[in-house]
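What you see is a predicted model, and the numbers here were worked out from it, not measured in a lab. Only this structure's heavy atoms are used, side chains among them; waters, hydrogens and symmetry mates stay out. Each chain gets a letter, A, B and so on, in the order its sequence line appears, and its residues count up from 1.
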Amino acid sequence: MSQKEIRLRIAPSPTGSLHLGTVRTAFYNYLFVKKNKGKFILRIEDTDQQRNKDEYTKEILEGFKWLKISFDEGPYFQSERFDLYKKFTNKLLSEGKAYHCFCTQEELDELRKIQRAAKVPEKYDNRHRNLTEEQKKSFIEQGRKSVIRFKLPDNVDIKWNDEIRGSVCVNTNDLGGDPVIMRADSVPLYNFAVVVDDGDMRISHVIRGDDHLHNTAKQIPLFEALGFSVPIFGHVPLIFTHDREKLSKRKHGDIANIDKYQREGFLPDALANYLVHMSWTRPDKPEAEIFKLDEIIDLFELGRISKSSAVYDLPKLYWFDNHYIKELSVEETYNLSKHFLEKDLNLSLYSKEQLFQMIGAIQSGLNKLDEISGLIKFFFDDKFDLNTGENKNTLSTENARRILEKILSSLEIINFSDPHDCKKTIDNIGKELGLKGKDLYWPIRVALSGSNKGPDLGLIISLLGKEKVKSRIEKAIAVLV
RNA sequence: GGCCCCAUCGUCUAGCGGCCUAGGACGUCGGGCUUUCAUCCCGAAAAUCACCGGUUCGAUUCCGGUUGGGGUCACCA
């Protein structure tokens, strides 16, 4: 046998924006492709005209771009390949491997009702599998439409060696009866379109979510019936919520969709690292959790992907993101968060250098980039509340008043151009008044920034400048009264 | 309910028969460094390796069962 080309695909459906689980399997696919010098293909599974939306397709494409996942082929759209599905349906039909089923929805519902009452598994009973010509004619004369079903072999164990789970076996009798592969309006159904495409595109490895395990058992006979070679499968564990159920677009849209992470300013490298590391550790040094995708390509093995589902944990994601944010230069951080800053703040108030100083002072505390505005907002306006409990407590002491008044009268001797000088002046004032530490700094902090925590005080004073320091301290003193 | 999958600290995991009185990371708590917060550094608590039987001189590691959790059972994908 000649060496088969390594070809993998990711096949999202535009019935929603890009799902976190899809992204994770995409990363695993990507890693495997790169390691084996294969081709990566993007296919959009848009056969469900009811639920598809163009904007989702756009979001999916943009999502992959943002994540720096690129494809060698595609995107292919299933909606543009209906002729192909039709052709293969006819092939199966002519070979007697598929048949017309004239059942109405009502008949199917009735069947299910009976099965449920009898407490037997609900499945199609293949009743139209061997219709006579007369019966068919009669149905057609009644004006009934027909779908096309695939003849699933009876009572056969479908076995495959899963790259992640090991050997898996499902009996065809537990697959729900002969599956519909094409509707009366010639729209192909998922399990059929997938097999036609995977076969036609010569996909060598199908790495997909665990929830497809039974679909795989359904699809293998289809590959064989169609005359395609069966790809190698690998089923990656699902992502769970803390409630231990699978992360779904509908129920957990707030965390399941990738655009959230894009919008809130997570770094793609952090997301990739977190998602991959969730179920995979490097073999050379498992304790090394921080890695970029490109660093682990050679180390990657599907077999090291954990079999059990992993619970999504935001704090851990934050830790990864914080790590990568700290690796950024101030300028990179500025560029990446510029749209947040421009939206929330009047940037013209400060020079770029001053902005860089602000960012440099708070960068190491960021879990995600959109937190940045909130942390430096006080530089831009004094709309913070001095009357809240903690602020009020800090300001309403006799010492606070002495400090603030002293600063007001010392405005002329402060060298605002240098943070260190600013700090030194404050310390000198402290010495004069016999105050230091919190007693000295907190009232000033609160008066200038509305909080007793934040960046270096000297930096705050320096960047704020004489006028703002003056007005804010006056305002604070007024509150004391 | 049928079928299938899974099972180590709260969470993610290392472990592939003796190195394990189970290691790392996040989180939590305590301490140090800082005027404060964050970062950083140090330390602690945290898993009778779900349970019960085997196999073995020896099981977290192998086998079987039980329990628990999950997935899936469409003319959705």
**Prompt:** In whole angstroms, how far is the P atom of B:C12 from the CZ atom of A:Arg24?
**Reply:** 11 Å
**Item:** B:C12 versus B:U55 - spacing of their C1' atoms, nearest Å
**Value:** 33 Å
**Asked** Which residue lies toward the 5' end of RNA chain B, A:Ala288 or A:Lys423, if each is placed at its nearest nucleotide?
**Response** A:Ala288
**Prompt:** Nearest-Å distance, CG (A:Leu175) to P (B:C73)?
**Reply:** 10 Å
**Message:** If I compare all heavy atoms of A:Lys307 with all of A:Pro237, which pair ends up nearest, and what's the gap?
**Reply:** O-CB, 3.8 Å
**Prompt:** Reckon A:Glu289 touches a base, only the sugar-phosphate, or nothing at all at heavy-atom distances under 4.0 Å?
**Reply:** base
**Request:** Answer yes or no: is there a side-chain heavy-atom contact under 4.5 Å between A:Asp269 and A:Asn273?
**Result:** no
**Request:** Among the candidates B:A77, B:C37, B:C3, find the nucleotide nearest to the side-chain atoms of A:Lys453.
**Result:** B:C37
**Prompt:** What integer number of Å spans the C1' atoms of B:U60 and B:A14?
**Reply:** 12 Å
**Prompt:** Between B:C26, B:A77, B:C3, which one does the side chain of A:Val170 approach most closely?
**Reply:** B:C3
**Item:** Watson-Crick/G-U partner (both atom distances under 3.5 Å) of B:C4
**Value:** B:G70
**Message:** Roughly how many Å apart are B:C51 and B:U11, using the C1' atom of each and rounding to a whole number?
**Reply:** 23 Å
**Message:** So, OP1 or OP2 of B:A77: does either fall under 4.0 Å of a side-chain N or O from A:Thr15?
**Reply:** no
**Asked** Base, sugar-phosphate, or nothing: which does A:Arg165 touch, judged by heavy atoms less than 4.0 Å apart?
**Response** sugar-phosphate
**Request:** Under 4.0 Å between any heavy atoms, over every strand shown, what does A:Asp456 touch: base, sugar-phosphate, or nothing? Just pick one.
**Result:** base
**Request:** Please work out if A:Gln105 contacts a base, only the sugar-phosphate, or nothing of the nucleic acid, heavy-atom cut-off 4.0 Å.
**Result:** base
**Request:** Tell whether A:Arg51 reaches the base of B:C76 with its side chain through a donor-acceptor pair below 3.5 angstrom.
**Result:** yes
**Request:** Could you tell me whether the side chain of A:His214 has a donor or acceptor atom within less than 3.5 Å of a complementary atom in the base of B:C73?
**Result:** no
**Item:** Euclidean distance for P, B:G23 against B:A47 (whole angstrom)
**Value:** 12 Å
**Prompt:** So does A:Arg183 get a side-chain nitrogen or oxygen closer than 4.0 Å to the phosphate oxygens (OP1/OP2) of B:C76?
**Reply:** yes
**Item:** Under-3.5 Å donor-acceptor pair between A:Glu245 side chain and B:G71 base
**Value:** no
**Request:** May I ask you to say what A:Trp442 touches in the nucleic acid, namely base, sugar-phosphate or nothing, with a heavy-atom cut-off under 4.0 Å?
**Result:** sugar-phosphate
**Message:** So, under a plain 3.5 Å distance rule, would you say the side chain of A:Lys316 forms a donor-acceptor pair with the base of B:A25?
**Reply:** yes
**Asked** If you measure from the C1' atom in B:C9 to the same atom in B:C62, how many Å do you get, rounded?
**Response** 25 Å
**Prompt:** With respect to the side chain of A:Tyr190, which nucleotide from B:U35, B:A77, B:C5 is positioned closest?
**Reply:** B:A77
**Prompt:** Counting only heavy atoms not in A:Asp54, do more than 12 fall under 6.0 Å of its CG?
**Reply:** no
**Request:** Remember a base hit wins even if backbone is also touched, and classify A:Cys169 as base, sugar-phosphate or nothing at under 4.0 Å, heavy atoms.
**Result:** sugar-phosphate
**Fill in**
The residue, A:Asp174 or A:Lys123, whose nearest nucleotide of RNA chain B is more 5′ is A:Asp174
**Message:** Considering every strand and a 4.0 Å limit on heavy-atom distances, what is the contact class for A:Lys436: base, sugar-phosphate, or nothing?
**Reply:** nothing
**Prompt:** Which nucleotide in the list B:A77, B:G2, B:G27 gets nearest to the side chain of A:Pro315?
**Reply:** B:G27
**Asked** Expressed in angstrom and rounded to an integer, what is the separation of A:Asp210 atom CG from B:C73 atom P?
**Response** 13 Å
**Prompt:** Tell me: CD1 of A:Ile164 to P of B:G71, nearest whole Å?
**Reply:** 18 Å
**Item:** Candidate nucleotides B:A25, B:U36, B:C75, ranked by approach to the side chain of A:Arg112 - the nearest
**Value:** B:C75
**Prompt:** Using purine N1 to pyrimidine N3 plus N6-O4 or O6-N4 for Watson-Crick, or N1-O2 and O6-N3 for G-U wobble, each under 3.5 Å, what pairs with B:G10?
**Reply:** B:C26
**Message:** Below 30° counts as parallel, above 60° as perpendicular, anything between as tilted: where do the rings of A:Phe300 and A:Tyr28 land?
**Reply:** parallel
**Message:** What contact category does A:Asp211 fall into here, base, sugar-phosphate, or nothing, at under 4.0 angstrom with non-hydrogen atoms?
**Reply:** sugar-phosphate
**Prompt:** Which part of the nucleic acid does A:Leu457 contact within heavy-atom distance under 4.0 Å: base, sugar-phosphate only, or nothing?
**Reply:** base
**Prompt:** Quick one: A:Arg116 CZ to B:G2 C1', roughly how many Å, whole number?
**Reply:** 14 Å
**Rounded distance in Å between the C1' positions of B:U72 and B:C29** = 43 Å
**Request:** Determine the contact category for A:His235: base if any of its heavy atoms lies under 4.0 Å from a base atom, sugar-phosphate if only primed atoms, P, OP1 or OP2 are that close, otherwise nothing.
**Result:** nothing
**Prompt:** If only side-chain N and O atoms of A:Thr281 are considered, is one of them under 4.0 Å from the OP1 or OP2 phosphate oxygen of B:A14?
**Reply:** yes
**Message:** Considering every strand and a 4.0 Å limit on heavy-atom distances, what is the contact class for A:Phe240: base, sugar-phosphate, or nothing?
**Reply:** sugar-phosphate
**Prompt:** Taking the P atom of each, how far is B:G53 from B:U67, in whole Å?
**Reply:** 16 Å
**Prompt:** With the threshold set at 4.0 Å, does a side-chain nitrogen-carboxylate oxygen contact exist between A:Lys423 and A:Asp427?
**Reply:** yes
**Prompt:** To the nearest angstrom, how far is A:His212 atom NE2 from B:C5 atom P?
**Reply:** 18 Å
**Message:** What's the closest nucleotide to the side chain of A:Arg244 if the choices are B:U35, B:C75, B:G69?
**Reply:** B:G69
**Message:** Taking only side-chain N and O atoms of A:Ser279, does any of them lie within less than 4.0 angstrom of OP1 or OP2 on B:U13?
**Reply:** yes
**Message:** With a 4.0 Å cutoff (strictly under), does any side-chain N or O of A:Lys218 reach OP1 or OP2 of B:C73?
**Reply:** no
**Prompt:** Please give, in whole Å, the distance from B:U13 C1' to A:Leu275 CG?
**Reply:** 15 Å
**Message:** Under 4.0 Å from OP1 or OP2 of B:C76: is there any side-chain N or O of A:Ser13 that close?
**Reply:** no
**Message:** For A:Arg9 and A:Asp198: C-alpha separation, side-chain torsions, deciding distance, then whether salt bridge (charged side-chain N to carboxylate O under 4.0 Å, His left out) applies.
**Reply:** CA-CA 8 Å; A:Arg9 48 62 162 190; A:Asp198 284 343; 2.8 Å; yes
**Asked** Contact class for A:Arg208 vs. all strands (heavy atom < 4.0 Å): base, sugar-phosphate, or nothing?
**Response** nothing
**Request:** Go through B:U11, B:A74, B:C76 for me and flag the one nearest to the A:Asp48 side chain.
**Result:** B:C76
**Request:** In whole angstrom, give the distance that lies between atom CG of A:Asp178 and atom P of B:C75.
**Result:** 12 Å
**Prompt:** How is A:Val180 classified with respect to the nucleic acid when contacts are heavy atoms under 4.0 Å: base, sugar-phosphate, or nothing?
**Reply:** sugar-phosphate
**Message:** Taking the ring centre of each residue, are A:Phe139 and A:His128 less than 6.0 Å apart?
**Reply:** yes
**Check: A:Ser308 side chain, B:A7 base, donor-acceptor under 3.5 Å** = no
**Message:** Check this for me, if you would: do A:Arg129 and A:Asp154 make a salt bridge, where the nitrogen-to-carboxylate-oxygen distance has to be below 4.0 angstrom?
**Reply:** yes
**Asked** What interatomic distance, in whole Å, is found between P of B:U66 and the corresponding atom of B:C40?
**Response** 49 Å
**Prompt:** How close do A:Phe291 and A:Tyr324 get, heavy atom to heavy atom, and via which atoms?
**Reply:** O-OH, 3.1 Å
**Item:** Closest heavy-atom pair and its distance - A:Ser410, A:Ile429
**Value:** OG-CD1, 3.9 Å
**Sugar-phosphate only, base, or nothing, as touched by A:Ser451 at under 4.0 Å among non-hydrogen atoms** = nothing
